[in-house]
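First the structure, in the form of structure tokens, and then the observations on it.
Every chain is numbered from 1 and lettered A, B, ... according to where its sequence line falls, protein lines coming before strand lines.
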Amino acid sequence: MSQGTAGGEGAPQVLPEGKERQRRGRRRKKKESKTRLVRSSLLLPEAEPEKSKRTVLACNQLKTTKYTALSFLPKNLFEQFHRLANVYFVFIALLNFVPAVNAFQPELALAPVLFILAVTAIKDLWEDYSRYRSDKEINHMECLVYSRNEKKYISRYWKEVKVGDFVQLRCNEIIPADILLLSSSDPDGLCHIETANLDGETNLKQRQVVRRFLELDSEFDPLKFTSVIECEKPNNDLSRFRGYIIHESGKRDGLFKENLLLRGCTIRNTEEVAGIVIYAGHETKALLNNNGPRYKRSKLERQMNADVLWCVLILLIMCLFSAIGHGLWVWQYGEKKKPIFDVPGPDGKYLSPVLASMYLFLTVIIVFQVLIPISLYVSIEIVKICQVYFIHQDKDLYDEETDSQLQCRALNITEDLGQVQFIFSDKTGTLTENKMVFRRCTVSGIEYSHDDNAKRLAMYQEPDSEEEEAAPKGGTLSQRDSICSHQSIKVIHRSQSTKTHRRTGSRAEAKRASILSKHTAFSSPMEKDIMPDPRLLEKVNECAKHLEVMRSHEQPLSYLSPELCDVFDFFIALTICNTVVVTAPNQPRQKVRDRFELKSPVKTIEDFIRRFTPSRLTSGSNSSSSSSLATSKSMHRFGLSVLSSTSTDSTLLKLEEKLAYSAQMNNNGYSSQQGRTAGAGAPEEGELRYEAESPDEAALVYAARAYNCSLVGRLSDQVSVELPHLGTLSFEVLHTLGFDSVRKRMSVVVRHPLTDEINVYTKGADSVVMDLLLPCSSDDPRGKHQKKIRSKTQNYLNLYAVDGLRTLCIAKRVLSKEEYGCWLKAHLEAESSIENREELLFQSALRIEKNLHLLGATGIEDRLQDGVPETIASLRKAGLQIWVLTGDKQETAVNIAYACKLLDHDEEIITLNAESPNFQETCAVLLEQCLQCVESKFSNNTIDGATGNMTVGFTPLYPPSSSVLSSLGLVIDGRTLAYALEPALEDKFLALAKRCRSVLCCRSTPLQKSMVVKLVRDKLKAMTLAIGDGANDVSMIQVADVGVGISGQEGMQAVMASDFAIPRFRHLEKLLLVHGHWCYSRLANMVLYFFYKNAMFVALLFWYQFYCGFSGSSMIDQWYLIFFNLFFSSLPQLITGVLDKDVPAEVLIAVPQLYKSGQNMEEYQPHMFWMNMIDAMYQSLVCFFIPYFTYYDSEVDIFSWGTPITTIALFTIILHLAIETKTWTFLHWSSCIFSIVLFFFVALVYNASCPVCHPPSNPYWTMERLMGDPMFYFTCIISPVVALLPRFLYRTLQGTLFPTQLQLGRQLSKLSPETRTQLLTKLNGKETMCQTQLFADSFFPSLGSNASDSYKADNQSTPLPTSPQTRESFFQEHAKAEHKPDQTAAASPQGALLYEGNKLPSSASSLERSMGFHEVRCGTAEVESLPVGTTFPWSSAVDQADFSLLKWITSTPLFSHIGTVLQVSSSSLQNETQDSMCVLGSSLQVDFKGLKEESSNNLQDKTKGTPTDHCKNDNSETTFL
Amino acid sequence: MEDTTSFLPREEAKPSRCPDNSAFKQQRLPAWKPQLTIASVLSTFFLTGAFCLTVGVCLVLAANSVREIQIDYSDKCSDCSKLRENSSNWNKECHCSVNFTLKEDILGDVFMYYGLQNFYQNHRRYVMSRSDAQLLGRNVNIQRSYCAPFSTYRNGTPMAPCGAIANSMFNDTIDLFYNRNSSVIQVPLLKTGNSWWTDKNVKFRNPELYNLSSAFAGTARPPYWQKPVYLLDEEDERNNGYVNDDFIVWMRVSAFATFRNLYRRVRRVRHFAQGLPAGNYTFQISYNFPVTRFKGRKHVILSTVVWSGGSNPFLGIAYLVSGTAAILTGFVITGIHLKLRKKKTYFQKH
């Protein structure tokens, strides 16, 4: 790298290796080609000649424009000619310049093509100009760059920043380039950045100064920077950065992504940072990630292109026909007897018939070119832009909470929204809020049900908008010059408002992100204020007391009982095993500094040895080095002894001793926090704010805080936890092994301050963690106990999952120093390798995360989003198959699926689970069986997957005789899915899945998600839509025909990959059912109309060929011919294409079935093209021959005859459109009138101003004369009437006799709202009636065997179900949880009514229902998110909703036998209910008293009412929408 | 410091992104939604039918009131046509006469047309082969026009007028004689006023010079012409050159291969003040225009006109037929509706 020594100050001091190099033909070693070298630009110039070489490096100037003033024309034209149609039309136009074949005046023939090209070019130019302006704005932002001459940082424009420059950034500034962090005002060398601009994540990320620079004992001086940085080539991986910094001494330090500040991010919480620019401009990761909008081709467009090809074929046939005709015509006159009207060529010679026909072929291609609709593509583009505009403007797709609206990122697939057949949805964050709420936990085998917490959650039924508004208020006090340290050198304007994210790389998202950033991530009160379970709280306190005592008596920790020990560790794990950053509330985004030790995570072996050798000497030296750093940064540091003397006297002596030598207190501005004593912490804690990367982390931390175990500070190497009685404990974080989707867990390696042991705390998915537990022998009692705890925990975990909770297992491992040292060695190797680092780190993590000791498990509730069940029900009615692809565990997924009505309780569930190792064959067999089963209309026999360890839950609901198609649900888990997606089985899998109403894939990886989507898309040729919100959905979103991102909490990756981004899942309903339908219907009709219009117009010319010797002459003046499509007939169809509404929005929403028209391509079926063509032929025949016979054998001249035909054609075309137009706004009217007026105006002006027109145009005064002729009017009236009569008749007959659903929907909209409601209710009632009837027929005891299958393992492993007492307690818990709504309801009278109404809808009057419909829905969501009902058929007359409660209970596997009892005793409904109550026992009786009463009331009502009335309740959602 | 403040955004009063609630943006513009109900459909059909029938009756009546007589003289002058087949006989004169009898008077304005069949005046290259600029009297380089090969002679002399249309101009002369009581009276015919006023006065102009022959000096007649353009009508200076009515009428190319052009109008004087009285008539034809080559036929036509044009009854019939069809359809729809009324349901489940 010798040539990379230096350069002028202005020259970037970087050696670009790799591609640029290779392009220059330089052969370099492979290793070198993968990296780039960066040197300081301040070094003195040495090798000037190198300068030229270095210019290839991107400077920081942003240039997203495609064109320059010079290159615009050629480049734009070049791009436009990529569209084949444009080439075709230019070819035709150029053909006109050949004299032998020209049909029109050549210059004129160019006009339409030029016009089309110009329109597109202007559009491109405008877009490019707006890009240019925003580029300019960004390029001229300022930042501080070190100047060699002035020896200080001076202000420069962003665009002047070069690689190798030193940039200084202050708080809240936006980072101008990718910068390697070299210095920070933070004493720990940390810097916080907010990456909302990049990924939408609003939590703060920590960045670290390159280590060697952290240890500098003076201010960082750019002039002294002589190291060389070797790093990767620019790439777009935001989460990776690797490189070395090579110091002058030859020492190397690894560089990681923690050292890199990314362009577009904002500096937070840090006064000043400085660094060297590594990547600039377009080489920054932010810009490399920004790959602009996507271009997809919609299904309609593909179909249209096929029809365009048909048009080409028709055109060729017409031309060929004309050519042959002309040849024959010429031939009939023979060689000699040429008639005088057959004009010889310019040379005076006649053409031979063959040659003449060949020339004519080309000529008529020009004449008939209009058949290929030149303006079609431009029109479609315009229409789509307008459609996108209207979708954007829809108020219903606007979410007030986040102030975000729908974004269309792909402009050209709007109509695909109307044809979707399959929806693939993510679960978390898409169907659910992704607001995680801690619900319950189990510690060392004991469940804590947190009933108070459940009650509290019920209070949050109402959208907590006020709180959310209030929360960020504190942060928006602008212009607060509050910098943390009181020795702050400068007063820097800090305000939340500086968070306006300048439009950088990811422009579209920046604005949104700025809004998001106002909210502190994941901290609505619902999530924060957790009511602790008294029992557990007591234990925690007890534990803390013990600890305190122990500490004062210097007893080792092991004196604690194992349970208490587990409790203690459990909360410690909850608190520290995460990446949550603590911020102080009053100074938002301000790091809480309470620091006891100054140690960075162990990075070297020496470090390790030094630290873990209990030698005072080494630690002393360490202390001195750190203190030197500390003093350099802060004058206010105290030793821990100060702290310990001032803050707490209860500090463990041992600890004190331990810490005193190394720990120093960082007291800059936060001494008050240090001084907090254990007991007094609670009130202040409430003001701390946690910023987590994922919401469940935050939920757990908040949960731990509720138990007084609160996280008060986190630094890169240390976590401070405040505990009751113990005060603040600082855990030295040795390593953080971050979460990844493969391991499905994260771990922290810490040194326990109390025991000085090295502990690994692991938190992860239960399936993974349970497998990693330390195998315990069943011999010794301890092992037995452990085993028991595990099985209990597993049991509870299943229970949580049944409740729809997200489960996490918490485990711990104590490492001996030797083990740790051994592992550390390998780990450090892994960390320092550049290649394969991820893989090595992964392996390293696997090595340490084993032999764990189970502490407990948590259940976190992920609440359903508003309106999800309704939306799903509605979408399903619309004929969409909804598949949920989730990474969650099966039970959770199934229960969420029930909650959001994806699965119905009256639905059969097929569960495919695989456990066998040689699974493939069995899977095949299984699929085959299922398929057969399904095909044979669900035989009654339960198919037991006796093959292997696999279980198939198959729950036939209907007797085999039942011919009614029942609905099926398919649940498949990731492992099984992996096999099912193999080529051999995928067909069978699909065949099975196709028959299922809904499919649920659990535990699927992102790749599997995309594979499923791809499979359905390719094999079923179906239109697929994928919706998701997280990074794990990106692949699926990209694969699907339509990708929808939810701009929710999990960042922007999904949005960036999507075609449409919506704020909430429920918006999908309107997007698809209304806008999708409209867009599809409008475009389909427009395209068909386009084909019709052009065919009809061209056919006129074709018929004329029969009367002019196939000579290619046209009776229509060339001006009309050329501009007819462009001007006279284009506007109405554009207006219709943009604004026509075949069915109004209310009806489309109310009757989702109407969406099926799009799925079945009803508006544009292949035959419709031909029907339109035939109609066009007929109409053109009429429009041709009526004037023909009218003027036959008269003195009419060619243009006096052609002009009426043009007029007639125009009338016909517009009236045709009028027949097809369903809604007439004033825009429709005016566009039609405008078109006609424009035609007459142009015709009159043109005919009056052109005595010498270019031949063959010769129309002087034609129009004027025609308009004085009554025959003109009579012809113009009769021809359109006759031409359109058949179509009108067809529409009439079809519309009155065999109306399509759409037409009926249209009629529906005409009715008054009440009548409509009634009708709809009746309709839906009918449907429900059928179902109910069906249900009654098929009443037989069948249990949710899928559920029981799922729990087979548990039942085997635990004797639990046989123990009545446990069951009882379970039951109570459930009952309590279930009873909760009643209790909450009691608080507000109105709510009570509504909740009752919810449970017993029939008893509430319809008025009440309609009034409080919204609340009822909320209530339902709540009630249904709890229960787990699998398949429990209740008796016939009962409204499902009424007994959801009972149903839920009985459907829970644990109570399956109760359910059986219930079913057996089915004499009368009332009796049955009471009977069942008796069976269920007294405790239940009490709980359900209310219900029973109500249900008897309800029964009375029922006996009076008709069945339809009951059904009405079920469908009231439809009614009130 | 300053640069930090300069970063302060102008975000303070950030408007909500909620879209406007305007009727246009929410696609809720007041709209008329036509419904194909029985009432509207039936009324449409019946009204259309009634209208068409009315107009049809009027048109048929009008067309029937037209008197027209059409005489094919291509066979009757077979000698001449044979003579004309050989183009070398171009300067030989040939006359023939055709007799016919009018059984009843033709009252009103009588127009005399010549009709041609199978003459493809609408042939593409034929239609183009003219120079409007030349006909406007401008001195243009017709070499660059579409007239070729009828633009210049080999020696470079331009043709006036140029082009195939002009070259192939119909040059039979037809005179009409009324045989009244064995005396032969020539029917007075008007040569002028047969073309469009705008053609005669705007579109066609002679080159501006003191006299016509000098204006056309340096040009030559088209090859098929017998006399130069400034001698088309030697009697009337204003009907000569490019502004000759026969020439103008010919230059207006017809739409079809079978067409008629207005040749003369009967001047309503003396015996013919009311039109043409019944009796025997003779056409005296100077036969110049060859049609046998393209199997064409020539007619001479006498006709009156009415407001609706000529004798062509097609439009009237078309109106009558479509009117009837519309009304019949209306009845059929009524029938179907009555039959199926009971079945009418609203939204059906599927």
Side-chain angles (χ1 to χ4, degrees), chain A residues 142 155 170 173 337 339-341 343-344 346 348 390 393 395 398 403 405 492-493 497-498 500 1107-1109 1111-1113 1115 1186 1189-1190 1192-1198 1201 1222-1225 1251-1252 1255-1256 1258 1260-1261 1270-1271 1274 1278 1281-1282 1289 1291-1292 1295-1297 1304 1310 1319 1323 1326-1327, chain B residues 3-5 7-9 11 16-19 21 25-27 29 31-33 35-36 38 41 119-130 132-133 136 146 148-149 164 168 198 202-203 252-256 258 260-262 293-294 307-310 314-315 318-319 322 329 346-347 349:
Chain A
E142 290 179 0
S155 183
R170 295 174 194 164
E173 280 187 358
K337 294 201 284 181
I340 46 173
F341 45 80
V343 184
F390 278 118
Q393 292 300 325
K395 254 179 55 151
Y398 166 79
D403 189 35
Q405 71 204 65
I492 293 173
H493 288 278
S497 56
T498 30
T500 1
Y1107 297 94
C1108 66
S1111 60
S1113 86
M1115 68 289 192
I1186 287 186
F1189 286 118
T1190 307
Y1192 179 73
D1193 192 23
S1194 68
E1195 74 261 45
V1196 72
D1197 70 282
I1198 184 163
W1201 184 71
K1222 278 93 184 183
T1223 35
W1224 287 85
T1225 65
V1252 184
N1258 190 12
Y1260 188 70
W1261 218 250
M1271 291 299 279
F1274 284 122
I1278 188 72
V1281 168
V1282 175
L1289 185 65
R1291 287 268 171 238
T1292 306
T1296 50
L1297 297 179
L1304 288 170
K1310 274 266 175 173
L1319 273 172
L1323 157 76
K1326 231 188 275 166
E1327 263 176 22
Chain B
D3 36 55
T4 322
T5 36
F7 272 0
L8 283 179
E11 195 209 8
S16 159
R17 275 195 244 191
C18 185
N21 193 10
K25 286 186 176 176
Q26 299 303 318
Q27 303 192 60
L29 285 177
W32 175 60
K33 296 170 197 151
Q35 294 277 319
L36 292 178
I38 276 299
V41 165
F119 189 94
Y120 283 88
Q121 239 195 337
N122 54 13
H123 190 280
R124 187 176 65 86
R125 289 204 302 281
Y126 183 87
V127 171
M128 286 199 297
S129 185
R130 62 192 285 158
D132 284 320
L136 207 58
Y146 288 87
S168 62
T198 49
V202 182
K203 225 174 144 179
R252 186 161 282 278
V253 290
S254 79
F256 310 113
T258 299
R260 60 174 70 170
N261 274 342
L262 186 57
R293 262 192 178 184
F294 50 89
W307 59 273
S308 66
F314 172 79
L315 200 58
Y319 266 96
S322 43
T329 319
Y346 282 99
F347 221 78
K349 207 171 70 69

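- Contact annotation for B:Ser168: both backbone and side-chain heavy atoms come within less than 4.5 Å of a heavy atom of chain A.
- Remark: B:Tyr319 OH to A:Phe1274 CZ distance equals 6.0 Å, nearest 0.5 Å.
- How far CD of B:Gln27 is from CD of A:Gln393: 10.0 Å, rounded to the nearest 0.5 Å.
- A distance of 14.5 Å separates CZ in B:Phe314 from CG in A:Asp1193, rounded to the nearest 0.5 Å.
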Original post:
After noting the C-alpha distance and the side-chain angles of A:Lys395 and B:Cys18, does the key distance pass the side-chain contact (heavy atoms from CB on, under 4.5 Å) rule?
Top reply: CA-CA 7 Å; A:Lys395 254 179 55 151; B:Cys18 185; 4.0 Å; yes
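- Interface summary for chain B: among A:Tyr1192, A:Phe390, A:Tyr1107, the most heavy-atom pairs under 4.5 angstrom belong to A:Phe390.
- Between the CG atom of B:Asn122 and the CD1 atom of A:Ile1198 there is a distance of 5.5 Å, given to the nearest 0.5 Å.
- Annotation: maximal heavy-atom pairing with chain A below 4.5 Å, among B:Ser129, B:Ala133, B:Pro149, occurs at B:Pro149.
- Highest contact tally toward chain A, considering only B:Val127, B:Leu262, B:Asn261, B:Asn21, is held by B:Asn21 [criterion: heavy-atom pairs under 4.5 Å].
- Per-residue counts of heavy-atom pairs under 4.5 Å with chain A were compared for B:His123, B:Arg125, B:Arg130; the largest is that of B:His123.
- B:Val41 is not listed as a side-chain neighbour of A:Leu1289, based on a closest heavy-atom distance of 4.5 Å or more.
- Interface residue A:Trp1261: backbone and side-chain heavy atoms are both found under 4.5 Å from chain B.
- By number of non-hydrogen pairs under 4.5 angstrom with chain A, the leading residue of B:Lys33, B:Arg260, B:Arg293, B:Gln121 is B:Arg260.
- Two residues are said to be in side-chain contact when any heavy atoms from C-beta on lie closer than 4.5 Å; B:Met128 and A:Val343 fail this criterion.
- Only the backbone of A:Lys1222 comes within contact range of chain B, with at least one heavy atom under 4.5 Å from a heavy atom of that chain.
- A:Val1281 has its side chain out of reach of B:Ser322: every pair of non-hydrogen atoms, C-beta onward, lies at least 4.5 Å apart.
- Taking the side chain as every heavy atom from C-beta outward, B:Arg124 and A:Cys1108 never approach each other to under 4.5 Å.
- Heavy atoms closer than 4.5 Å to chain B are found in both the backbone and the side chain of A:Phe341.
- Heavy-atom distances place the side chain of B:Leu136, and not its backbone, under 4.5 Å from chain A.
- For chain A, the nearby parts of B:Tyr120 are the backbone and the side chain; heavy atoms of each come within less than 4.5 Å.
- Taking CD1 of A:Ile1278 as the reference point, atom CG of B:Leu315 lies at 7.0 Å (rounded to 0.5 Å).
- If you measure heavy-atom distances from B:Gln26 to chain A, the contacts under 4.5 Å come from the side chain alone.
- Of the two parts of A:Val1196, the backbone and the side chain both hold a non-hydrogen atom closer than 4.5 Å to a non-hydrogen atom of chain B.
- Both the backbone and the side chain of A:Thr1223 come within less than 4.5 Å of a heavy atom of chain B.
- Between chain B and the residues A:Gly1109, A:Ser1194, A:Pro1251, A:Pro1270, the most heavy-atom pairs under 4.5 angstrom are made by A:Ser1194.
- The line from OG1 of A:Thr1292 to CD1 of B:Ile38 is 8.5 Å long, rounded to the nearest 0.5 Å.
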